[in-house]
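Heads up, the thing below is written out as structure tokens.
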Amino acid sequence: MIRFLFVLFSIQLLSSWSSCSKNENAVANDLKLKTASTLLTGDWSLTLGERSTLSQSGFPPGDSGYYTDGAVSVLKLGNQYYGFWGRYRNYRTVASSPLLEDHLNHLDPATPVFGGNQPNNGTSNGFNDGGMWFIGVRQLNDGRLAGFFHAETHWYPRNTQGWYAYKSIGVAYSSDSGRSWGAPYQILKHELNKPDTPRWSGLGDGAVIYNHLNNKYYCFYTPATGVTALCMASATDPNGYVGSWKKWYNNAFSEPGLGGKQTAIAPLNTKPGSNPSVHWNTYLNKFVMIWHGWDGKLYISASADCEVWETPKLLLEDGPKAWYPSIIGASSVEGGQVIRLYYAYDFRPDGRRTLASRTITFQLL
């Protein structure tokens, strides 16, 4: 009888322990989604902070909920920080901090400053009738701003031809801190022209950064056909003018920007995707790139010279689709040991999404 009671007690104890263990595992799995995680890569590591979300209610109703739609450009002019938010048109924000949460309710002016598109029954105008939005803004030596942008041309009438786009990349200039912009110029174009039948084509969805180490611009972009992984082009002209850009092809910047061929960047092509955010990290003494893969995850890599990149690593998986990363440190192109990652997730059927934020803390190993 005593032996029977002992066995019964043991079974109950084991059952209780198993139930407790399952609950603890469930709690642990839940915490894993909310708390920091650490990634080891090469001679550095990073810790990814907890997710927070930002309200987009400061934008007009027609645009609220669509950010980010590519990396937000933020630069310091005087004592203020100027942000440029792109969809098919750009808003400008002005704040005393580079962080996006401090810009969301500070539109200046309240109306878009650049871009826009034709109505559904509009006509093609060559390369930007479907909209233009900035993928990199830099102050030039003469005080002007150079705004490098993603452009789209559509097929009309759009309500029957759909929203497919032929993409390219251009530049425009501003003499009043981005309140208004001059004529847009195309600087990078696919080797294949816009097809007669509507389909995703051309190249775009990129980022532009100025490399202070060799005084060259670098544009990282993704073709919509052919090579659908990250490619790059470079220009030595201090203003990034038309005709100064060369595409990376067969291990050299050897092809013209307008119509030349391109080769995907190795080893970044092992994680194909687009919409990168690139910054110079003063703590790592490296350029850091974060982009979204076609699998809906965010990836990260680093480079000492903006040309030779480390093997990409998985940075973040947040639901079925985490896209459009944007890095902010001292600006959108410079950061230190702790930076802010902004990205879009929780996409709705109408295209609206939630704007999320996490800290990234780097550590040298």
Side-chain angles (χ1 to χ4, degrees), residues 68-76 82-86 90 92 114-115 127-128 131-141 144-152 167-174 178 181-182 184-190 202-223 230-248 253 255-258 260 262 265 268 273-281 287-292 301 303 305-307 309 324-329 331-335:
T68 60
D69 197 35
V72 180
S73 295
V74 177
L75 71 161
K76 188 176 184 181
Y82 291 70
F84 296 91
W85 302 68
N90 280 92
R92 187 186 78 158
F114 182 74
F127 82 104
N128 60 0
M132 302 180 288
W133 54 96
F134 292 123
I135 58 174
V137 179
R138 178 176 182 264
Q139 187 175 32
L140 303 176
N141 293 334
R144 293 180 302 158
L145 298 186
F148 300 95
F149 60 86
H150 168 105
E152 295 188 353
K167 308 173 184 180
S168 62
I169 292 172
V171 66
Y173 301 92
S174 171
W181 295 83
Y185 300 95
Q186 192 178 51
I187 57 174
L188 292 174
K189 176 180 170 293
H190 202 279
L203 60 81
D205 302 309
V208 174
I209 188 170
Y210 186 78
N211 184 341
H212 63 287
L213 301 178
N214 61 8
N215 298 319
K216 294 171 64 175
Y217 286 101
Y218 288 83
C219 178
F220 301 94
Y221 64 90
T222 302
L230 286 165
C231 299
M232 63 180 171
S234 183
T236 57
D237 183 272
N239 301 312
Y241 283 150
V242 178
S244 64
W245 291 84
K246 295 290 186 180
K247 291 180 180 178
W248 180 257
F253 290 104
E255 286 284 305
L258 293 172
Q262 56 258 313
I265 306 168
L268 304 187
S274 67
N275 288 289
S277 179
V278 186
H279 78 281
W280 169 253
N281 193 279
F287 292 93
V288 174
M289 180 193 297
I290 297 175
W291 70 98
H292 69 71
S301 180
S303 170
D305 61 3
C306 233
E307 295 182 13
W309 291 86
Y324 305 126
S326 187
I327 291 296
I328 303 295
S331 68
S332 57
V333 292
E334 182 180 321

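The residues of the chain are indexed from 1 along the displayed sequence.
- Tested against Trp248, the residues Phe253, Tyr221, Tyr218 include a single ring-ring contact (aromatic ring centres under 6.0 Å, His included) partner, Phe253.
- Ring geometry for Phe84 versus Phe134: interplanar angle over 60°, hence perpendicular rather than tilted (30 to 60°).
- In this structure the side chain of Gln262 never reaches within 4.5 angstrom of the side chain of Leu188, judged on heavy atoms.
- The OG1 atom of Thr68 sits 8.0 Å away from atom CH2 of Trp85, with the distance rounded to the nearest 0.5 Å.
- Residues Leu145 and Trp181 form a side-chain contact, since some pair of their non-hydrogen atoms from C-beta on lies under 4.5 Å apart.
- The CZ atom of Arg144 sits 11.0 Å away from the CD atom of Gln139 when rounded to the nearest 0.5 Å.
- No option in Asp69, Ile169, Ile135, Asn275 other than Asn275 meets the side chain to side chain contact (heavy atoms under 4.5 Å, CB included) test with Asp205.
- Of all heavy-atom pairs between His190 and Gly202, the closest is CD2-O, 3.3 Å.
- Aromatic ring centres of Phe287 and Trp280: separated by under 6.0 Å.
- Residues Tyr210 and Tyr217 are in side-chain contact: their nearest non-hydrogen atoms beyond the backbone lie under 4.5 Å apart.
- Minimum heavy-atom separation, Pro276 to Ala207: O-CB, 3.3 Å.
- If you take CD1 on Ile209 and OG on Ser277, they are separated by 8.5 Å, rounding to the nearest 0.5 Å.
- Considering only heavy atoms from C-beta on, Phe148 stays 4.5 Å or farther from Cys219 through its side chain.
- Residues Ser244 and Gly240 share a closest heavy-atom pair of OG-C, 3.8 Å.
- Across all their heavy atoms, Ser73 and Ser332 have their closest contact at CA-OG, 3.6 Å.
- Side-chain contact check for Lys167 versus Leu203: every heavy-atom pair is 4.5 Å or farther apart.
- Minimum heavy-atom separation, Met132 to Pro184: SD-CB, 3.7 Å.
- Going from atom CG of Asn214 over to atom CG of Asp305 covers 8.0 Å, rounded to the nearest 0.5 Å.
- Between Phe220 and Trp309, the ring-plane angle classifies as perpendicular under the 30° and 60° cut-offs.
- By the 4.5 Å heavy-atom criterion applied to side chains, Val137 and Tyr82 are not counted as neighbours.
- Shown here is Asn141, whose CG atom has no more than 12 heavy atoms of other residues, nucleotides or ligands within 6.0 Å.
- Interatomic distance, Leu213 CG to Glu307 CD, rounded to the nearest 0.5 Å: 10.5 Å.
- The shortest side-chain heavy-atom distance between Met289 and Leu268 falls under the 4.5 Å cut-off.
- When side chains are defined from C-beta on, Val171 does not count as touching Val208, because their heavy atoms never get closer than 4.5 Å.
- In this structure, Glu152 CD and Ser168 OG are separated by 9.0 Å, a value rounded to the nearest 0.5 Å.
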request  = Before giving the answer on side chain to side chain contact (heavy atoms under 4.5 Å, CB included), spell out for His212 and Glu334 the whole-Å C-alpha distance, their side-chain angles and the decisive distance to 0.1 Å.
outcome  = CA-CA 11 Å; His212 63 287; Glu334 182 180 321; over 6 Å; no

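- In this structure, Lys216 and Ser234 approach most closely via the heavy-atom pair CE-OG, 3.0 Å.
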task = Dump the intermediate steps for side chain to side chain contact (heavy atoms under 4.5 Å, CB included) on Leu258 and Trp245, then the final yes or no.
result = CA-CA 8 Å; Leu258 293 172; Trp245 291 84; over 6 Å; no

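- More than 12 heavy atoms of other residues, nucleotides or ligands sit less than 6.0 Å from atom OH of Tyr173.
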